Structure formats: structure tokens, C-alpha cells
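One structure below.
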Amino acid sequence: MEGDLGGGDVTAAAAAAAAAMAVEEEEVMPRDARVVKELLKSMGVTEYEPRVVHQFLEVWYRYVSDVLSDAQVYSEHAGKTSMDPDDLKLAIQSKLNFSFSQPPPREVLLELARNRNKIPLPKSIGGPGIPLPPEQDTLISPNYQLAIPKKQSAPVMEETEEEEAATTTNSNPPTEQKMDVQQTPQRVSFPLSAKRPK
């Protein structure tokens, strides 16, 4: 019974086939991709998607091409015919200064924290519970106003002919007199929480 394989033989054969396929894949894979895989393995990363290697390679190539193009610009600016290591060092340093920011030293952070913590927190003026804004700023405060006109009783006088003549010649009285005639409204507001009489 050569065709009859046990369950353990099938899994061992599948594992051997997968290992052989991985070895072939490693041989076909570019050198840079193998380096990225080795870096991941050395950092203890064992499980990752295959796209991660390609993303690392893309970042790597972009960074190298940016550094090389900056170094070329620096060497042209210096009037050199070709790049030298100083141009590369300058390009890398400028990339580090503008791309990657270092956190401030621990001593500086501690000093900032000490200065900030010298200012006490404001004391709570409210009692227990949730602090609410002032009543005039809430939606339950009265938000309407009624204009009640003042009743002015003017004495009725009979006009004489002289007064009629004076009014016809001066049909536009001054604005001060108009202001006195206009009524100023009174503002009245009622709280919403008032109970109605029964």
C-alpha cells in the first residue's frame, strides 16, 4: 500500500513542501528584500504581511534617492565635479534635522513640568454635582422681552389761528421734539419656573 499515507505523513509532506517553496522564494527574492526580512527577524518580528517588506523597500529607496539628490545639489553648489563623502554627510544631516525631530532632553521637560506645576489649579466654587453655567447663559432662562407702551394722557387744547399758522410754516418739528413724543417701551421678563396660580 504505497499510496496510503498516514495523517502524520501528509502534514510532514506539506511542511516539507512549504519549506522548499520558502527556500525557492528566498532565492528569487531581491537582495534588498532579503535584508529587510533579516532585519525584521533580528528584531523579533516573526509574523507580518508580505506587503510590509515592499513598503520598507519603498521607504528605503525614497530616503536614499532624496539623500543622493540633495548631495548632488550640495556638490554642484560647491562647484565640484562629483559628489564626495562630505556632501553625503551634509545631506544626511540636513535630512535628519528636518525629517526626524528629537524630543527635548529629560532635564528640560522636568523643568517645564516644575514651572507649570507651580501654578495651582483653580478652586472649585460649586457644590457637589455637575457644575452648570450661570443662569443667564442656560437655555432655561427667560429669553423673551415684552414691549409695553406707556400711556400718556395729553391735555386737549383748542388751537388758535396763530398756532395753526405756526404749525403750517414749521411742518417739520426738530428731532428733539419728536424723541419726546415717541414712547419708550418697557422690558418685562418672566421666569419660566414660576408656578401658575390655581
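Given the structure is predicted, the values throughout are model-derived calculations rather than measurements.
Rounding to the nearest 0.5 angstrom, the gap separating the CG atom in D87 from the CD1 atom in I92 is 11.0 Å. Here the CD-CG distance, from Q93 to D70, works out to 12.5 Å after rounding to the nearest 0.5 Å. For the atom pair L40 CG and Y48 OH, the distance stands at 5.0 Å (nearest 0.5 Å). Atoms CD and CZ, from E38 and R31 in turn, are 12.5 Å apart once rounded to the nearest 0.5 Å. The structure places NZ of K95 at 4.0 Å from CG of D66, a figure rounded to the nearest 0.5 Å. Interatomic distance, CG of L90 versus NE2 of H77, reported as 10.0 Å (0.5 Å rounding).
Hydrophobic clustering, with ILVMFWY side chains joined whenever heavy atoms are under 4.5 angstrom apart, groups L68 together with L57. In the hydrophobic clustering of ILVMFWY residues, with side-chain heavy atoms under 4.5 Å counting as a link, V59 and M43 come out apart.
Scanning for side-chain hydrogen bond (donor to acceptor under 3.5 Å, both in side chains) contacts around E107 gives an empty result, with sequence neighbours left out. Legend: residues meeting salt bridge (charged side-chain N to carboxylate O under 4.0 Å, His left out) with R114, ordered by chain and number and at least two apart, are E111.
No more than 12 heavy-atom neighbours from other residues, nucleotides or ligands sit within 6.0 angstrom of NZ on K89.
The nearest pair of heavy atoms linking K37 to M29 is NZ-CE, 3.5 Å. Pairing each heavy atom of A91 with each of Y74, the nearest pair is CA-CE1, 3.6 Å. Counting all heavy atoms, side chain and backbone alike, R62 lies closest to S65 at O-OG, 2.9 Å. For S82 against S75, the heavy-atom pair with the smallest separation is O-CB, 4.0 Å.
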- [ ] Assess whether salt bridge (charged side-chain N to carboxylate O under 4.0 Å, His left out) is satisfied between K80 and E76, documenting all intermediate values.
- [x] CA-CA 6 Å; K80 300 175 188 173; E76 288 174 3; over 6 Å; no
TODO: Dump the intermediate steps for side-chain contact (heavy atoms from CB on, under 4.5 Å) on W60 and V35, then the final yes or no.
DONE: CA-CA 12 Å; W60 187 0; V35 169; 4.1 Å; yes
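In this model, a donor atom of one side chain and an acceptor atom of the other lie less than 3.5 Å apart for Y61 and D32.
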